[in-house]
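See below for the structure under consideration.
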2 protein chains.
Amino acid sequence: MSVAASSSAKGAVPRDTQRIYSIAELSREFAITPRTIRFYEDEGLIKPRRQGMTRLYSVGDRTRLGWILRGKRLGFSLAEIRELLDLYQVDRTGVQQLRELLRRSQLHIADLERKRADLDQHINEFREVESQVSTELRQRGVDPEGD
Amino acid sequence: MSVAASSSAKGAVPRDTQRIYSIAELSREFAITPRTIRFYEDEGLIKPRRQGMTRLYSVGDRTRLGWILRGKRLGFSLAEIRELLDLYQVDRTGVQQLRELLRRSQLHIADLERKRADLDQHINEFREVESQVSTELRQRGVDPEGD
DNA sequence: GTCATAGTTAACGTTTACGTAAACGTCAAT
DNA sequence: ATTGACGTTTACGTAAACGTTAACTATGAC
């Protein structure tokens with residue numbers, strides 16, 4: 001089960017595994033332009049089937065696209081995202097490959113945890129601002145919740 | 001106490017509040033080039049004192065720079081970071097200003113929490129890969145910890 | 001004095017991540 | 001048969017975030 005194709009975790013109903021999507025459909029769903037999706041293909045991030053010239057996206061392609069966009073939201077470049085995706089398509093038969101995969105996964109996890117520490121700190125600072133401002137407003141007899 | 005100048009939280013010793021830094025010093029400490037620091041100044045993100053032409057950075061400037069870089073690591077654009085920084089320099093005397101500050105803080109916090117949910121999900125996926133690969137290696141009689 | 005070191009501005013170059021036409025094919029509906 | 005909605009490729013444009021020279025200045029060491 002690859003990272004970018006695990007929608008049958010147990011609760012996420014795969015509705016119709018055979019379902020295919022048009023580029024317009026996906027661009028609407030994810031609120032991006034078709035241009036962006038084609039660009040990701042040029043960059044080797046997704047490889048939809050073709051029916052003649054027209055691109056046909058599978059459920060897996062859709063999941064993969066969602067994964068890419070989440071990576072973007074987290075601040076990863078497309079190059080980094082490609083690396084991460086590639087990471088899980090490598091041959092997992094050999095012990096050497098498995099060790100390498102494990103090593104790189106651990107490195108990536110460490111990186112992510114640093115990022116989470118940053119994020120938590122950032123959030124806490126803003127929470128503090130929020131509470132201070134709320135307090136200040138209450139002291140002035142204003143209800144912070146009102147409009 | 002502004003967001004980008006709170007290093008005396010209680011434990012973080014302000015060493016020398018009067019300390020000043022050169023651009024080279026800061027670029028070394030944060031592992032960025034002087035060009036980057038000057039660029040941030042052009043973009044209005046930091047405003048160091050000048051002694052003639054030479055820039056002199058205060059402890060506050062240094063803290064602020066660190067804050068900017070953390071923002072970058074979290075995937076914010078410089079424009080967004082500037083907005084966030086500006087947010088805390090606005091006049092906090094009027095009730096109207098305070099309400100607006102509160103509102104925007106809450107919006108930002110909500111955004112950050114979405115990001116954290118993304119990040120947690122991302123981390124969990126990679127942890128699962130890690131554990132699966134470890135298991136696979138053990139089944140093959142290999143110690144995942146060894147070199 | 002001049003040499004090295006560290007600072008400056010100015011301006012053009014580069015990479016990333018798309019946007020924006022232009023010019024065309026396909027098919028269903030009017 | 002043409003209009004419209006959707007798809008395609010090719011290619012140039014652009015904003016963001018710096019990198020990279022170039023040319024100059026100031027300062028302390030020798």
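Please read all numbers here as calculations on a predicted model, not as lab measurements. Below, read A as the first sequence line, B as the second, and so on, with proteins coming before strands; counting in each chain starts at 1.
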Discussion item. Let's go through Leu56(B) and Arg50(B) carefully: what are the C-alpha distance in whole Å and the side-chain angles of both, what is the deciding distance for side-chain contact (heavy atoms from CB on, under 4.5 Å) to 0.1 Å, and is it a yes or a no?
Written reply: CA-CA 6 Å; Leu56(B) 298 180; Arg50(B) 296 269 184 145; over 6 Å; no
Worksheet item: To the nearest angstrom, how far is Arg49(B) atom CZ from dG7(C) atom P?
Response: 16 Å
Discussion item. As a quick check of understanding, evaluate side-chain contact (heavy atoms from CB on, under 4.5 Å) for Leu84(B) and Arg104(B), giving each step before the final call.
Written reply: CA-CA 9 Å; Leu84(B) 294 174; Arg104(B) 296 177 63 175; over 6 Å; no
Worksheet item: Hey, mind stepping through Val129(B) and Gln132(B) against side-chain contact (heavy atoms from CB on, under 4.5 Å) and telling me if it holds?
Response: CA-CA 5 Å; Val129(B) 170; Gln132(B) 281 178 15; 5.7 Å; no
Discussion item. Assess whether a salt bridge exists between Asp61(A) and Arg64(A), defined as any Lys/Arg side-chain N lying under 4.0 Å from an Asp/Glu carboxylate O.
Written reply: no
Worksheet item: Rounded to the nearest Å, what distance is computed from the CG atom of residue Leu45(B) to the C1' atom of nucleotide dC18(D)?
Response: 13 Å
Fill in: Residue pairs involving residues 101-122 of chain B (criterion ring pair (Phe, Tyr, Trp, His ring centres under 6.0 Å); sequence neighbours excluded)
Trp67(A)-His122(B), Phe76(A)-His122(B), His108(A)-His122(B), His122(A)-His108(B), Phe126(A)-His108(B), Phe76(B)-His108(B), His122(B)-Phe126(B)
Fill in: Test: Glu136(B) and Arg92(A) ion pair at under 4.0 Å
no
Measure all distances between protein nitrogen or oxygen atoms and nitrogen or oxygen atoms of nucleotides 22-27 of chain C, and list the pairs falling under 3.5 Å.
none

Worksheet item: Passes side-chain contact (heavy atoms from CB on, under 4.5 Å), Gln97(A) versus Glu100(A)? Steps please.
Response: CA-CA 5 Å; Gln97(A) 332 267 358; Glu100(A) 178 62 11; 5.7 Å; no
Discussion item. Any donor-acceptor pair under 3.5 Å linking the side-chain atoms of Ser131(B) with those of Ser134(B)?
Written reply: no
Worksheet item: How would nucleotides 9-21 of chain C be written as a contact map, 5' to 3', with B for base contact, S for sugar-phosphate-only contact and - for no contact, using protein heavy atoms under 4.0 Å?
Response: B-B-----BBBB-
Practice prompt. Write down the distance between CG (Leu56(B)) and C1' (dT8(C)), rounded to a whole number of angstrom.
Written response: 13 Å
Item to complete: Check the distance between dT20(D)'s C1' and Ile32(B)'s CD1 and give it to me in whole angstrom.
Response: 17 Å
Worksheet item: Taking only side-chain nitrogens and oxygens of Ser22(A), does any of them come within less than 4.0 Å of OP1 or OP2 of dG7(D)?
Response: yes
